[in-house]
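Structure first, then comments.
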Amino acid sequence: SKSSSTANSSSWTSFLKSIANFNGDLSSLTAPPFILSPVSLTEYSQYWAEHPDLLLSINNAVNKNTFEPSFPSVVEYTPDLVKMLHVVRWFISTLKSQYCSRNESMGTEKKPLNPFLGELFVGKWEHEQNGSVTADLGDTVCLSEQVSHHPPITAYSIFNEKTNVSLEGYNQIKSTFSSASLSVKQYGHALLRCKNKEQQEQKDDTFLITLPSLHIEGLLLAAPFVELDSKSYIQSSSGYFAIIEYSGRGYFSGKKNSFKCKIYKSYESYIYDKEGKPSSSASQEASGSSSEKQNNKEDKKPLFVISGQWSGISNIYTSSSDEKKRKNGQVFYDASRVAAEHLHVKPIEKQNPWESRRAWEKVANAIKSGDYNLIHQEKSQLEEEQRMLRLSEQEKNTTWKTRWFDNSSINSVQNEDFVSLAKMCNLSVKNVPSGTRVGDKYDTHASASTDGSNGDEVVKHWRFVKENWANETEITL
Ligand code: 0T9
């Protein structure tokens, strides 16, 4: 009943106790109704594009070579650098949707529905023709699929064919409980691709984006919220490298949801800036293929430093010293001034039974009414159907076939871009926490290998299979 929605309720206390002893599988915990969200994790993929204008601006000819703030600066605004700035701005714009939207719409962070195997979430952003701009931006499509249940893994692809921008990636989490907060490591990454339409012979621009770890605060008060830890990296195929460091209350600015981003000409510049000398691995590679040796000391400093709150205002500076003094900055992005643009999803009656909102409809309604028994009853029915499916697969000696995504081995062409981008910034290509560097303990202890040696399994990553979507007949947008 609704009376359970207080911090000192016994149901919350016993829930906390169960978290403290849990085995790592959050989905197995029975939480009190008031902390349950009626939304499945497959829906979270949409958060990558709730500012579609910023995503599309990356490759939108209309905006090419314009990036205001344009400084009278030491930096030459090459098309690649302009692209990188647009990528960083779009990425910063995704964070509020990703990590604050439940607090905004439901008052606190909530426990999402645990997707079933094969669950789908699809929708699209329909772009109206903008009067002042002649470009027709078409639709931006979001496809999300639960590709694994044990462990839960969600894969997604978001694309706009008019502007030739696409994003694909996948997510998995591993969590631990320590000192009243829940620590969550994200596995997986996102790959952004911009096709060069005008110059067919030119390769696509690609960007590798790593996901931060996070923790859930406010558990004791039954008012949970996400705080980001660690960092994200963005490596561009053009060489530019960005590091985004997150901090909460009391760090860089003392404000919540703070970050500091540094954009460098290359990963080597970043290492040089950080360590005052070339990294051993970077210098080895440079001596092998040193067409572009960086003799200029200026090249090793960040080209831009951006700081502020990702849920509010951030400013961009052309040097670290300006950033420290808060001098000569310009607004980079102001999240509080632009509302998230929600995608269009078909009404439930028109959805396929595998689509998230249709499949979870009864459970979601039970959650909204706060009826514990009904929630349990409806969930059990869904779980029972899944059990029957797994049983019939066993009987027929088959396994579940994913719909639009394929778990591709690291040596396949599907992983070429990922491998080359990871190499550029010394990131592990194994199934390790996102952002793990080569040689870190997670990298050296990973069970799968990149070549299948020692009888180990070969590393695989979830990739979008375009043909499967092109041949899709049952699921419509
Ligand atoms: C990918 C994102 C992820 C999913 C969520 C940790 C979390 C599940 C995973 C990482 C998205 O791109 C970004 C945002 C929020 C993340 C969720 C926050 C959260 O609390 C849940 C976990 C599983 C819980 O529900 C913990 C139980 C509860 C007491 C907290 C409300």
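These numbers come from a predicted model, not from an experiment. For ligands, and for the atoms within them, numbers begin at 1 and follow the listed sequence.
Ring geometry for His376 against Tyr372 counts as parallel: the plane angle stays under 30°, on a 0 to 90° scale with 60° as the upper cut.
Between Glu323 and Lys262, none of the side-chain N atoms (NZ, or NE/NH1/NH2) sits under 4.0 Å from a carboxylate O, so this pair counts as no salt bridge. A salt bridge links Lys96 to Glu104: one of the charged nitrogens lies within less than 4.0 Å of a carboxylate oxygen.
Residue contacts with ligand 1 for Leu182 involve side-chain atoms from C-beta outward but no N, CA, C or O (heavy atoms, distance under 4.0 Å). Within the 4.0 Å heavy-atom criterion, the part of Arg102 lying near ligand 1 is the side chain and not the backbone. Residue Tyr99 touches ligand 1 through its side chain alone, judged by heavy-atom distances below 4.0 Å.
Counting protein heavy atoms under 4.0 angstrom from atom 16 (C) of ligand 1 gives zero.
Listed by atom number, the atoms of ligand 1 under 4.0 Å from Lys110 heavy atoms are 25 (O), 31 (C). The contact set between ligand 1 and Pro112, taken as ligand atoms under 4.0 Å from a residue heavy atom, comprises 25 (O). Proximity to Pro224 (heavy-atom distance under 4.0 Å) selects the following atoms of ligand 1: 31 (C). Numbered from 1 in the order shown, with element, the atoms of ligand 1 that lie under 4.0 Å from a heavy atom of Asn171 read 1 (C).
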query = Between Ser258 and Gln309, does a side chain to side chain donor-acceptor pair (under 3.5 Å) hold up when you go through it step by step?
reply = CA-CA 4 Å; Ser258 291; Gln309 282 176 295; 5.4 Å; no

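Atom 22 (C) of ligand 1 has as its closest protein heavy atom Leu26 CD1, 3.8 Å. Of the protein's heavy atoms, Ile216 CD1, 3.7 Å lies nearest to atom 19 (C) of ligand 1. In this structure, the protein non-hydrogen atom closest to atom 3 (C) of ligand 1 is Tyr44 CD2, 4.3 Å. For atom 28 (C) of ligand 1, the closest non-hydrogen atom on the protein side is Lys111 CB, 4.4 Å. Among all non-hydrogen protein atoms, the one lying nearest atom 10 (C) of ligand 1 is Gln186 OE1, 3.6 Å. Looking only at protein heavy atoms, the nearest one to atom 12 (O) of ligand 1 is Gln98 OE1, 2.6 Å. Closest to atom 7 (C) of ligand 1 among all protein heavy atoms lies Ile173 CD1, 4.5 Å. Atom 29 (C) of ligand 1 has Phe15 CE2, 3.4 Å as its closest protein atom, hydrogens excluded (heavy atom only).
Side-chain contact check for Glu119 and Ser356: at least one donor-acceptor pair (N or O, by modelled atom type) lies under 3.5 Å. A donor atom on one side chain and an acceptor atom on the other are found under 3.5 Å apart for Tyr246 and Ser232.
A cation-pi contact links Lys174 to Tyr187, judged by a cut-off of 6.0 Å to the six-membered ring centre and 45° from its axis.
Taking both residues in full, the closest heavy atoms of Leu303 and Tyr264 are given as CD1-C, 4.1 Å, listed atom of the first, atom of the second, then distance.
No option in Tyr170, Phe464, Tyr156 other than Phe464 meets the ring pair (Phe, Tyr, Trp, His ring centres under 6.0 Å) test with Phe405.
In this structure, Trp354 has its ring center closer than 6.0 angstrom to the ring center of Trp400.
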